[in-house]
Amino acid sequence: MNAPADFHRFPAGEPTNISRRRFLLGSAGVATGALVLGFGIPLGAPRALAQAAPASPDAASRVPAFIEIRPDDTVRFLSPFMEGGQGVFTAMAQIVAEELDIDPSVFVVEAAPAGKVFQVMIGGMRITGGSMSVRLTYDFMRRLGASARAMLIEAAARRLGVAAGTLTTEPGKVIHKASGRSLRYGELASGALDLPVPDASALKLRDPKQFRWIGKPVARLDMHEKSTGKAVYAIDCKVENMLHAAVQHAPRLGMTVGAIRNEDLVKAMKGVHSVHRLDGAVAVLAERWWHAKRAVEALSVDWQEPAADSDGRNMPVDFGSDAFVKSLAATTGDGEEAESEGDFAKAFEEASQTVEATYHSQYLHHAQLEPPSALARFNPDGTLELWMPNQAPEMFQGQIAELTGLDPSQVIINSPLLGGFFGRHFLYPAGNPYPQAIALAKASGRPVKLIWSREEEFLRDPLRPAAAVRFRAGLDAEGMPVAFEAISATEGPGEGIANKRGKGIDESAVEGLTKKAYAIPNRRIAQQFVKTPATLAYWRSVGNSMNDFLYETFLDEVADKGGIDPYGLRLRLLHGNERLTNLLNAVGELSGGWKRGPYTAADGTRRARGIGMASPFGSEAAAIAEVSIREGQVVVHDVWEAIDPGSIVNPAIVEAQVNSAAALGLSQVLMEEAVYEKGEPVARNYDLYQILRPDQMPRVHVKIVESGAKMGGIGEPPLPAVPPAVANAVSALTGQRVRSMPLSRLKFDS
């Protein structure tokens with residue numbers, strides 16, 4: 001996406017009624033004497049205050065501004081992006097603080113409310129996902145901090161009676177070196193409030209060589225509250241006169257509520273307020289959630305099959321995930337082309353030798369720590385207020401307005417901390433609890449907090465798609481691939497969420513198969529659309545999470561067929577690509593030098609190593625994994641990963657994200673799988689849905705390579721290279737080709 005021509009235009013000297021501005025700030029609960037900066041993007045119309053906050057008990061949290069520099073020298077910052085453990089609150093504070101010239105540790109960061117003013121990403125979006133937050137707002141946030149600094153310098157010049165050009169700053173204060181005088185930012189905030197926002201052309205951003213905080217391992221701002229149990233998540237939120245709700249969903253999606261055979265008995269249970277029928281579920285309201293949960297689980301419901309003409313997504317009673325994946329692998333046809341280069345058919349026909357194989361990936365749950373929840377309250381002023389985990393407030397605001405018939409301005413979205421992302425908190429039909437909470441609040445006339453139990457979450461969690469990819473490759477006389485084809489039989493998450501085939505290919509269905517940098521002259525990538533009855537969703541690193549596994553493991557098979565070392569094959573295929581060659585060399589050096597094996601380690605175990613690469617979300621990643629076999633199962637000892645995001649803000653956060661992504665990638669390749677039998681999920685909790693245990697976590701070694709390329713993402717890019725690195729290591733060690741996940745389904749010889 002290209003930025004609008006006036007994206008960085010900061011108009012100066014716009015007429016402003018100062019007394020009205022101060023009055024509005026005071027009525028909104030902003031600290032007296034604070035400097036507040038707010039910007040309307042993408043229209044490019046920043047001003048010290050754009051509009052009054054709507055009247056409500058929490059009006060101060062909805063001031064349409066980004067930074068509030070307070071008289072006590074603290075800075076309140078409203079982040080356009082949600083914090084869910086990825087460190088975006090700290091990164092945003094670092095960027096703004098760098099240009100403002102103040103220590104990020106004095107920032108108090110909160111999630112901004114829904115509103116167009118906070119849609120600051122290039123293109124006018126606001127989504128916490130796709131590893132876009134920092135890379136698509138980096139310049140904007142720097143200019144925001146620089147604007148505030150310029151206003152504080154001008155306010156100091158007027159206070160001291162000197163020219164602004166004679167002043168400089170040190171963290172948190174303006175300095176007049178000639179006289180030795182200085183003023184704290186908090187002292188200057190009130191005077192700076194009355195000044196016009198400087199024009200963009202007058203702003204001078206810091207030379208990166210002079211950065212104090214960007215590029216440094218600044219401590220996480222949310223660390224203390226999380227480690228002391230003070231952090232507030234959606235499940236912690238409460239309001240006066242609130243009822244608690246629990247639900248029992250139909251065992252299969254699409255079924256409806258028939259008779260409730262013991263409704264009167266359940267109504268008489270301790271603490272029960274009322275019993276309700278919802279779309280595909282029943283609910284109990286109670287004064288305490290445990291009472292609601294016990295009661296709703298006791299309800300005996302006659303579930304009805306969906307009507308024959310139902311156009312919703314219905315789960316058939318005979319659906320099984322194993323059989324479905326087999327049917328994907330058995331599909332035929334050329335699919336719809338997503339990418340084509342050269343003449344694959346001719347090159348394949350003329351190849352010295354060929355290799356063909358079908359690989360597949362599994363359904364996955366999100367399995368985030370925090371169960372879904374929503375708190376809904378209808379306010380006396382006609383507004384509907386919600387507290388709920390989400391990754392796109394304006395999307396939820398618009399959908400809820402459509403659902404309720406309210407104007408979007410009447411829907412107030414509060415976004416607490418998220419207890420895990422992984423793509424779970426987007427708009428998913430039948431996968432979100434907020435419509436139920438709204439319906440229950442309306443029916444009861446009281447605020448309602450609904451929490452899905454873990455069992456209900458596993459029943460209604462939308463899944464990462466499953467796919468089967470048919471690969472074909474043609475090799476020349478030297479064993480190098482000259483023709484490469486991949487046809488993926490799958491339904492993309494975007495198609496699944498919309499419940500229909502789009503006009504073109506869902507790019508997230510084939511990402512990780514397309515746009516590979518390997519210099520194979522004749523390529524063809526296609527999708528064979530196959531609709532699945534399961535509800536689908538985005539999952540961390542989206543299509544790359546499965547497709548890089550599929551592509552990179554088949555590439556090792558191609559290397560073996562051609563008699564070429566897989567690490568060496570990648571180097572040859574990347575010849576002339578300086579960035580990726582450097583990255584591949586970096587991960588080789590990080591691991592102490594590439595050696596495939598098998599070989600005997602110091603502890604006497606037989607081990608081998610595998611390599612995997614990925615290019616997701618603007619970054620480049622390469623991983624090497626070392627494995628052994630114990631009692632027929634895979635043990636991963638070490639993962640070495642080199643990542644090149646172009647440039648970075650906080651190396652400590654980058655390293656933490658690589659560790660986090662590696663853990664999730666390992667969990668996926670070793671054991672995670674959502675299995676369905678007779679239309680229902682086999683696992684309803686973590687006892688049957690296995691995730692990586694602490695004792696299975698290997699040592700993770702991280703190398704950050706800053707190539708200076710355009711800034712890429714961090715949260716998702718480290719994941720996709722890890723699963724193929726593990727699988728390729730297993731194939732090297734055992735001689736048994738791995739063509740599917742999870743590896744726990746397979747038995748290996750030691």
Participant: Could you report the tightest heavy-atom contact between Gly474 and Phe348, atom names first, then the distance?
Facilitator: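 That would be N-CD1, 3.8 Å.
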Participant: Going by side chain to side chain contact (heavy atoms under 4.5 Å, CB included), Leu583 matches just one of Leu574, Ile643, Val705. Which one?
Facilitator: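 Testing Leu583 for a side chain to side chain contact (heavy atoms under 4.5 Å, CB included) against Leu574, Ile643, Val705 leaves exactly one candidate, Val705.
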Participant: Should Leu571 and Asn585 be marked as a side chain to side chain contact (heavy atoms under 4.5 Å, CB included) after you check the CA-CA gap, both sets of side-chain angles, and the distance that decides it?
Facilitator: CA-CA 9 Å; Leu571 278 175; Asn585 286 329; 3.9 Å; yes
Participant: What closest approach, in Å, do Val325 and Ser361 show between heavy atoms, and which atom pair accounts for it?
Facilitator: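 Looking at all heavy atoms of both residues, the closest pair is CG2-O, 4.4 Å.
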Participant: Heavy-atom distance under 4.5 Å between the side chains of Ile520 and Glu341, does that happen here?
Facilitator: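 SC-SC contact between Ile520 and Glu341 ruled out.
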Participant: Could you check Thr734 against Asp749 for side chain to side chain contact (heavy atoms under 4.5 Å, CB included), going step by step and ending with a plain yes or no?
Facilitator: CA-CA 7 Å; Thr734 64; Asp749 295 329; over 6 Å; no
Participant: So how far is it from Ile624 CD1 to Glu589 CD, rounded to the nearest 0.5 Å?
Facilitator: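 It comes to 10.5 Å.
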Participant: What distance separates Thr514 OG1 from Asn544 CG, expressed to the nearest 0.5 Å?
Facilitator: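 Output value for this atom pair is 8.0 Å.
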Participant: Please confirm whether the backbone N or O of His360 pairs with a side-chain atom of Ser740, one donor and one acceptor, at under 3.5 Å?
Facilitator: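 Between the backbone of His360 and the side chain of Ser740 there is no qualifying donor-acceptor contact (under 3.5 Å).
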Participant: Would you give the length of the straight line joining atom CD1 of Ile214 to atom CD of Glu98, rounded to the nearest 0.5 angstrom?
Facilitator: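 Those atoms lie 4.5 Å apart.
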Participant: Please examine the side chains of Ser545 and Arg464, heavy atoms only from C-beta on, and report whether any two atoms are closer than 4.5 Å.
Facilitator: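 Touching, per the 4.5 Å side-chain cut-off.
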Participant: Test of understanding: with side-chain contact (heavy atoms from CB on, under 4.5 Å), list the residues that count as partners of Ala601, not counting sequence neighbours.
Facilitator: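 Ala601 satisfies side-chain contact (heavy atoms from CB on, under 4.5 Å) with Asp603, Thr605, Arg607 once adjacent residues are dropped.
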Participant: Do Phe81 and Thr137 come within less than 4.5 Å of each other through their side chains, counting heavy atoms only?
Facilitator: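 Yes. Closest side-chain heavy atoms under 4.5 Å.
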Participant: Look at the side chain of Glu339 and the backbone N and O of Lys515, then say whether any donor-acceptor pair between them is shorter than 3.5 Å.
Facilitator: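 Yes, because the side chain of Glu339 sits within donor-acceptor range (under 3.5 Å) of the backbone of Lys515.
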Participant: Can you pull the salt bridge (charged side-chain N to carboxylate O under 4.0 Å, His left out) pairs that have at least one residue in residues 346-368, sequence neighbours excluded?
Facilitator: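 Residue pairs passing salt bridge (charged side-chain N to carboxylate O under 4.0 Å, His left out), neighbours aside: none found.
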Participant: If you look only at pairs with a residue in residues 609-625, which of them pass as a salt bridge (charged side-chain N to carboxylate O under 4.0 Å, His left out), with sequence neighbours excluded?
Facilitator: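 Those involving residues 609-625 are Arg609-Glu626.
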Participant: With Arg699, which residues qualify under side chain to side chain donor-acceptor pair (under 3.5 Å), at least two apart?
Facilitator: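 Residues passing side chain to side chain donor-acceptor pair (under 3.5 Å) with Arg699: Asp638.
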Participant: Quick check: do Val669 and Leu743 have side-chain heavy atoms less than 4.5 Å from each other?
Facilitator: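 Heavy-atom side-chain distance check passes, below 4.5 Å.
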Participant: I'd like to know if Glu336 and Arg501 make a salt bridge, using a cut-off of under 4.0 Å between side-chain N and carboxylate O.
Facilitator: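 Yes.
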Participant: Report yes if some heavy atom in the side chain of Ile611 is under 4.5 Å from a heavy atom in the side chain of Val587; otherwise report no.
Facilitator: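 SC-SC contact between Ile611 and Val587 confirmed.
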Participant: If every non-hydrogen atom of Ala729 is compared with every non-hydrogen atom of Ala625, which pair is closest and at what distance?
Facilitator: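 Taking Ala729 first and Ala625 second, the nearest heavy atoms are CB-O, 3.6 Å.
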Participant: Decide yes or no for Pro698 and His637: does some side-chain heavy atom of the first lie under 4.5 Å from some side-chain heavy atom of the second?
Facilitator: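 No. Closest side-chain heavy atoms not under 4.5 Å.
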Participant: Return each pair, listed once, that meets salt bridge (charged side-chain N to carboxylate O under 4.0 Å, His left out) where at least one residue sits in residues 649-660; pairs must be two or more places apart or across chains.
Facilitator: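 Residue pairs with at least one partner in residues 649-660: there are none.
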Participant: Check whether more than 12 heavy atoms from other residues, nucleotides or ligands sit under 6.0 Å from atom NZ of Lys703, and answer yes or no.
Facilitator: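 Counting neighbours around NZ of Lys703, 12 or fewer heavy atoms of other residues, nucleotides or ligands fall under 6.0 Å, so no.
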Participant: Does atom CD of Glu478 have more than 12 heavy-atom neighbours from other groups under 6.0 Å away?
Facilitator: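 Counting neighbours around CD of Glu478, 12 or fewer heavy atoms of other residues, nucleotides or ligands fall under 6.0 Å, so no.
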Participant: Show every ring pair (Phe, Tyr, Trp, His ring centres under 6.0 Å) that has at least one partner inside residues 573-599, sequence neighbours left out.
Facilitator: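 Only Tyr567-Trp594 qualify under ring pair (Phe, Tyr, Trp, His ring centres under 6.0 Å).
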Participant: Would you sort out whether Leu666 and Gln696 count as a side chain to side chain contact (heavy atoms under 4.5 Å, CB included), showing the intermediate values?
Facilitator: CA-CA 9 Å; Leu666 289 165; Gln696 293 174 298; over 6 Å; no
Participant: Who passes ring pair (Phe, Tyr, Trp, His ring centres under 6.0 Å) against Phe426, sequence neighbours left out?
Facilitator: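 With sequence neighbours excluded, Phe426 shows a ring pair (Phe, Tyr, Trp, His ring centres under 6.0 Å) to Tyr538, given in chain and number order.
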Participant: Restricting to side-chain contact (heavy atoms from CB on, under 4.5 Å), what partner residues turn up for Met480, sequence neighbours left out?
Facilitator: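 Residues passing side-chain contact (heavy atoms from CB on, under 4.5 Å) with Met480: Asp476, Ile564, Leu569, Arg572, Leu573.
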Participant: Does Tyr363 form a side chain to side chain donor-acceptor pair (under 3.5 Å) with Thr532? I'd like the steps, not just the answer.
Facilitator: CA-CA 11 Å; Tyr363 285 121; Thr532 174; 2.5 Å; yes
Participant: State which residues pass side chain to side chain donor-acceptor pair (under 3.5 Å) with Arg524; sequence neighbours excluded, sorted by chain then number.
Facilitator: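 Side chain to side chain donor-acceptor pair (under 3.5 Å) list for Arg524, sorted by chain: Glu337, Glu485.
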Participant: If I compare all heavy atoms of Ala559 with all of Pro566, which pair ends up nearest, and what's the gap?
Facilitator: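 That would be CB-CA, 3.8 Å.
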Participant: Between Gln527 and Glu495, is there a side-chain donor-acceptor contact under 3.5 Å, judged purely by atom types and distance?
Facilitator: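 Note: Glu495 and Gln527 side chains meet the donor-acceptor criterion.
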Participant: Are Glu552 and Arg570 ion-paired here, with the side-chain N under 4.0 Å from a carboxylate O?
Facilitator: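 Yes, this pair counts.
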Participant: To the closest 0.5 Å, what do you measure between CD (Glu99) and CE (Met141)?
Facilitator: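 Answer rounded to 0.5 Å: 13.0 Å.
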Participant: Is the backbone of Val88 close enough, under 3.5 Å, to the side chain of Glu83 for a donor and an acceptor to pair up by distance?
Facilitator: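 Checking the backbone N and O of Val88 against the side chain of Glu83, a donor-acceptor pair under 3.5 Å is found.
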Participant: Would you say CD of Glu507 has more than 12 non-hydrogen atoms from neighbouring residues, nucleotides or ligands within 6.0 angstrom?
Facilitator: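 It does not: Glu507 CD has 12 such atoms or fewer within range.
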Participant: Have a look at Asn650 and tell me which of Gln94, Arg220, Lys216 forms a side chain to side chain donor-acceptor pair (under 3.5 Å) with it.
Facilitator: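 By the side chain to side chain donor-acceptor pair (under 3.5 Å) criterion, Asn650 pairs with just one of Gln94, Arg220, Lys216: Gln94.
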Participant: Could you name each residue pair satisfying ring pair (Phe, Tyr, Trp, His ring centres under 6.0 Å) that touches residues 471-490, not counting sequence neighbours?
Facilitator: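 Residue pairs passing ring pair (Phe, Tyr, Trp, His ring centres under 6.0 Å), neighbours aside: Tyr359-Phe471, Phe471-Phe484, Phe471-Phe554, Phe484-Tyr551, Phe484-Phe554.
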Participant: To the closest 0.5 Å, what do you measure between CD (Gln368) and CZ (Phe421)?
Facilitator: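 CZ of Phe421 is found 11.5 Å from CD of Gln368.
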Participant: Which atom pair, heavy atoms only, marks the closest approach of Ala621 to Pro717?
Facilitator: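 Looking at all heavy atoms of both residues, the closest pair is CB-O, 3.7 Å.
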Participant: With sequence neighbours left out, which residue pairs that include part of residues 693-736 fulfil the ring pair (Phe, Tyr, Trp, His ring centres under 6.0 Å) condition?
Facilitator: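 Qualifying pairs: Trp640-His701.
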Participant: Using side chain to side chain contact (heavy atoms under 4.5 Å, CB included), reason through Phe344 and Arg523 one step at a time and then give a plain yes or no.
Facilitator: CA-CA 6 Å; Phe344 167 80; Arg523 305 186 306 276; over 6 Å; no
Participant: Could you name each residue pair satisfying salt bridge (charged side-chain N to carboxylate O under 4.0 Å, His left out) that touches residues 640-654, not counting sequence neighbours?
Facilitator: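 Passing the test, one end in residues 640-654: Arg579-Asp644.
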Participant: Before accepting this row, confirm whether a basic side-chain N of the pair Lys209/Asp207 lies closer than 4.0 Å to the acidic partner's carboxylate O.
Facilitator: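 Salt bridge between Lys209 and Asp207, a charged N being under 4.0 Å from a carboxylate O: no.
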Participant: Considering non-hydrogen atoms only, spot the tightest contact between Met82 and Arg126 and give its length.
Facilitator: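 Met82 and Arg126 have their closest heavy atoms at CE-NH2, 3.4 Å.
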Participant: Start with the C-alpha distance between Gln362 and Arg745, add both sets of side-chain angles, then the distance that settles side chain to side chain donor-acceptor pair (under 3.5 Å), and finish with yes or no.
Facilitator: CA-CA 11 Å; Gln362 75 279 44; Arg745 282 208 171 203; over 6 Å; no
Participant: How long is the span from the CG atom in Leu550 to the CZ atom in Arg470, to the nearest 0.5 Å?
Facilitator: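 With rounding to 0.5 Å, CG (Leu550) is 13.5 Å from CZ (Arg470).
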